S.K.: 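Here it is: the structure, laid out below.
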Amino acid sequence: MPSKVEIRARLTFWRSSLEKLREAYLTLLDGGVKSYKIGNEELTRLDLVSLQKRMEETEKKVDELELLLEDHKPRRSFYVTPQDF
């Protein structure tokens, strides 16, 4: 498990990324521009659906990191196969 310092660094990175994604989404949604650039990537209004999915994934990562920072461990899932003996 990464240290708290590493978790904070990752959290800062993903929060910054989420902020940029939200800004791009709102700018494209308002219709004031035809395209928006994040780094080398150019987005258009046609990219709104994929941009929304990326925002949702990033929000999940931020939530997971915040839970790790608070010492909450992610839930583990498992299944049981019933058997006759």
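The figures that follow rest on heavy atoms only: side chains count, while hydrogens, waters and symmetry mates do not. Remember, it's a predicted structure, so these values are computed and weren't measured experimentally.
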S.K.: Mind checking whether Glu66 and Arg15 have side chains closer than 4.5 Å, heavy atoms only?
M.R.: yes

S.K.: Out of the candidates Leu46, Leu21, Thr44, only one should pair with Leu51 under the side chain to side chain contact (heavy atoms under 4.5 Å, CB included) rule; please name it.
M.R.: Leu21

S.K.: Any donor and acceptor pair, going by atom type alone, linking the side chain of Thr58 with main-chain N or O of Arg54 inside 3.5 Å?
M.R.: yes

S.K.: Start with the C-alpha gap between Glu64 and Arg10, add the side-chain angles, then the distance that decides, and say whether side-chain contact (heavy atoms from CB on, under 4.5 Å) holds.
M.R.: CA-CA 11 Å; Glu64 289 172 5; Arg10 291 179 187 180; over 6 Å; no

S.K.: Just wondering, are more than 12 heavy atoms of other shown residues or ligands nearer than 6.0 Å to NZ in Lys20?
M.R.: no

S.K.: Less than 4.5 Å apart, any side-chain heavy atom of Val33 and any of Leu28?
M.R.: yes

S.K.: So how far is it from Leu29 CG to Tyr36 OH, rounded to the nearest 0.5 Å?
M.R.: 13.5 Å

S.K.: Would you name the heavy atoms of Asp47 and Glu42 that are closest together and state the gap between them?
M.R.: OD2-O, 4.0 Å

S.K.: Can you tell if the side chain of Leu68 reaches within under 4.5 Å of the side chain of Leu11, non-hydrogen atoms only?
M.R.: no

S.K.: Can you tell me if CD on Glu19 sees more than 12 non-hydrogen neighbours from other groups inside 6.0 Å?
M.R.: no

S.K.: Mind listing the closest non-hydrogen atom pair of Leu69 and Lys4 along with its distance?
M.R.: O-NZ, 3.0 Å

S.K.: Drop me the distance from Lys53's NZ to Glu57's CD, to the nearest 0.5 angstrom.
M.R.: 9.0 Å

S.K.: What is the minimum heavy-atom distance between Arg45 and Gly31, and which atoms define it?
M.R.: NH1-CA, 3.6 Å

S.K.: Under the 3.5 angstrom rule, does the side chain of Thr27 hit a backbone N or O of Glu23 as a donor-acceptor pair?
M.R.: yes

S.K.: Quick one: CG on Asp30 to OH on Tyr25, what's the gap to the nearest 0.5 Å?
M.R.: 10.5 Å

